[in-house]
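Here is how names work: the chains are called A, B, and so on, in the same order as the sequence lines, proteins then strands, and each is numbered from 1.
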2 protein chains.
Amino acid sequence: MDIKTTCLGVLMLGAASGYEIRKSFEEGPFSHFAEGGFGSIYPALTKMTQEGLVTCTAHQQEKRPAKKVYQITDAGWTHLETAMRDKIPGEDKIKSDLLFMLFFADWQSPERIARVIDARIAFYQQKLDEMADCGTQFDTISGRSLVLGYGIAVFQASLDYLVANREAFIEVAGQAQPPLLHAAE
Amino acid sequence: MDIKTTCLGVLMLGAASGYEIRKSFEEGPFSHFAEGGFGSIYPALTKMTQEGLVTCTAHQQEKRPAKKVYQITDAGWTHLETAMRDKIPGEDKIKSDLLFMLFFADWQSPERIARVIDARIAFYQQKLDEMADCGTQFDTISGRSLVLGYGIAVFQASLDYLVANREAFIEVAGQAQPPLLHAAE
DNA sequence: GTCCGCATGTAAGTAGTTACATGATTCA
DNA sequence: TGAATCATGTAACTACTTACATGCGGAC
């Protein structure tokens, strides 16, 4: 989904400012399947206001820039609905720098491999804690709560695999030194 | 990793043509953490040849365009090594259209939700079969085999979750009709 | 007194995608 | 006969990232 559709998705859950939309890409329930920085969000909101997909209300604040709160319109909902209808979601293409590095574990130092794995383990543990908290907010089952569960399941599997294979990764590290590369030539 | 580094990674496993590199993004062991189309691969290879990161050998073929086989150089290996050294891999940001759609399951028809879930279940099953085959090619443990195992673990977890929650997703579908949106305003 | 959070935006750049262009072979 | 695979590449476009620009308030 492009940045416009993604913003509309956030606005479906309630009116929000550009700043708040970005926060929900960073922390909230959208954080594990959507992304976008200020540089894409603000222009998208401006354009969608012109196109009538959202309305914008300025809330004056003292000693702060006016907060522009955006709300999705009927046309916006139609746009979102159409985007989802026309989409047959393909594979989630993951561009993973971690997996790329681990793939070449044999050519790298055990220290570096340990460092990147430990960092990721810590990340997943922290993220899973956050998600568990987030889950307590749902009293009924909904698409939102089920998607959160999906995220938890995948993160847990990733964490488990890394914990279980940490030593194995470190053991293969350094097995192939650059010269091996030449031997293969 | 950018397209250049990713191509160098493929070439670390052996000389290949642009066409073959792309295939390994689509099918091979790189397919679940790297991507790139012809439009990015060919220019990248041309540029890297100029920069000395790869060498290019034309293999004449009858009745086909000459196959250009690229091979990584020492400078190429250094480039790859540096890219990995300088990188502290952050979170694997997933832009998932499936999760986006499922998040809004309540607003969509049960039929559509069933269709996208079933398509993804079939995809994971097929992919897991392929990956299991791929795994038989490894006789020793290496970064490559461990990363394959990682991919299998994550895909399996995704598949399991979808299978376990297929009915739940379908049950919430259609619970919120667009009017609810207005009620929230 | 410095950094983080709130709050908005623009401008320049890059990287990647999509579509086009060409053409033989092979399989159903 | 039509589609898929092999095989290369370019041109136009889009979409996003990064850096810049501004500035107050509050916490440490």
Side-chain angles (χ1 to χ4, degrees), chain A residues 1-8 10 15-28 30 33-51 54 56-70 83 86-87 90-91 93-97 100, chain B residues 1-8 10 15-28 30 33-51 54 56-70 79 83 86-87 90-91 93-95 97 100:
Chain A
M1 305 288 179
D2 62 20
I3 189 69
K4 274 190 195 180
T5 314
T6 315
C7 287
L8 287 176
V10 176
S17 66
Y19 191 86
E20 287 161 350
I21 289 174
R22 200 223 163 187
K23 255 205 314 190
S24 73
F25 290 162
E26 293 262 291
E27 299 164 33
F30 285 87
F33 60 89
E35 52 184 331
F38 290 132
S40 29
I41 294 168
Y42 285 124
L45 288 171
T46 306
K47 214 167 184 190
M48 289 199 292
T49 307
Q50 284 157 15
E51 293 167 350
V54 298
C56 173
T57 320
H59 290 239
Q60 292 306 326
Q61 297 177 116
E62 276 173 42
K63 316 222 180 182
R64 258 183 215 286
K67 194 179 192 173
K68 288 185 172 181
V69 175
Y70 295 88
D86 297 346
K87 197 100 193 177
E91 180 186 2
K93 272 281 176 185
I94 308 173
K95 259 199 147 177
S96 172
D97 289 340
F100 187 91
Chain B
M1 305 287 180
D2 62 20
I3 189 68
K4 276 192 197 178
T5 314
T6 316
C7 288
L8 287 176
V10 176
S17 66
Y19 190 85
E20 287 161 350
I21 289 174
R22 199 223 166 188
K23 254 206 315 191
S24 75
F25 290 164
E26 293 262 291
E27 299 163 33
F30 285 88
F33 59 88
E35 54 184 330
F38 289 131
S40 30
I41 293 169
Y42 285 122
L45 288 171
T46 306
K47 215 169 184 188
M48 288 198 292
T49 307
Q50 286 160 12
E51 294 166 349
V54 297
C56 174
T57 319
H59 289 239
Q60 292 306 326
Q61 297 179 118
E62 277 174 39
K63 315 218 178 185
R64 260 184 215 286
K67 196 178 191 175
K68 288 186 173 179
V69 175
Y70 295 89
H79 179 96
D86 297 346
K87 198 98 194 179
E91 179 186 2
K93 271 281 176 186
I94 308 174
K95 257 200 149 176
D97 289 342
F100 187 91

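For the pair A:I3 CD1 and C:dT17 P, the interatomic distance rounds to 17 Å; values are reported in whole Å. The CD1-C1' distance, from A:I41 to D:dT18, rounds to 15 Å in whole Å. Following rounding to the nearest Å, A:R22 (CZ) and D:dT18 (P) show an atom-to-atom distance of 11 Å. As rounded to whole Å, 14 Å separates atom C1' of D:dT17 from atom CD of A:E26. At whole-Å resolution of the value, CZ in A:F25 and C1' in D:dC16 are 13 Å apart.
Five base pairs at each end of the helix from C:dG1-D:dC28 to C:dA28-D:dT1 define two local axes, and these are offset by 50° (rounded to 10°).
In terms of heavy-atom proximity, B:C56 sits nearest to B:T49 at CB-CG2, 4.2 Å. Summarising the geometry of B:G36 relative to B:R22, their closest heavy-atom pair is O-CG, 3.7 Å, with the distance given to 0.1 Å. Taking every heavy atom of both residues into account, B:L45 and B:V54 meet most closely at O-CG2, 4.0 Å.
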Return the polar atom pairs (N/O with N/O) between nucleotides 4-12 of chain C and the protein under 3.5 Å, or none.
residue	atom	partner	partner atom	Å
C:dC6	OP2	A:Y19	OH	3.2
C:dC6	O2	A:R64	NH1	3.0
C:dA7	OP1	A:Q61	OE1	3.1
C:dT8	OP1	A:K68	N	3.2
C:dT8	OP2	A:Y19	N	2.9
C:dT8	OP2	A:Y42	OH	2.9
C:dT8	O5'	A:Y42	OH	3.3
C:dG9	OP1	A:K68	NZ	2.3

Assess the residue pair A:K23 and A:F25 against the criterion (side chain to side chain contact (heavy atoms under 4.5 Å, CB included)); give the C-alpha distance rounded to whole Å, side-chain angles, the decisive distance to 0.1 Å, and a yes or no.
CA-CA 5 Å; A:K23 255 205 314 190; A:F25 290 162; over 6 Å; no
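A 4.5 Å side-chain heavy-atom check between A:E20 and A:K67 finds at least one atom pair inside the cut-off.
No donor-acceptor distance shorter than 3.5 angstrom exists from the side chain of A:E27 to the backbone of A:S24, with no hydrogens or angles considered.
By the 30° and 60° cut-offs, the orientation of the rings of A:Y42 relative to A:F38 is parallel.
Between B:K95 and D:dC16, a side-chain N or O to OP1/OP2 separation shorter than 4.0 Å is present.
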Anything under 3.5 Å between a donor and an acceptor, one on a side chain of residues 1-8 of chain B, the other on a protein residue two or more places apart or in another chain? List them.
residue	atom	partner	partner atom	Å
B:D2	OD1	B:K4	N	3.3
B:D2	OD1	B:T5	N	3.0
B:D2	OD1	B:T5	OG1	2.7
B:K4	NZ	B:E51	OE1	3.1
B:K4	NZ	B:E51	OE2	3.1
B:T6	OG1	B:D2	O	2.7

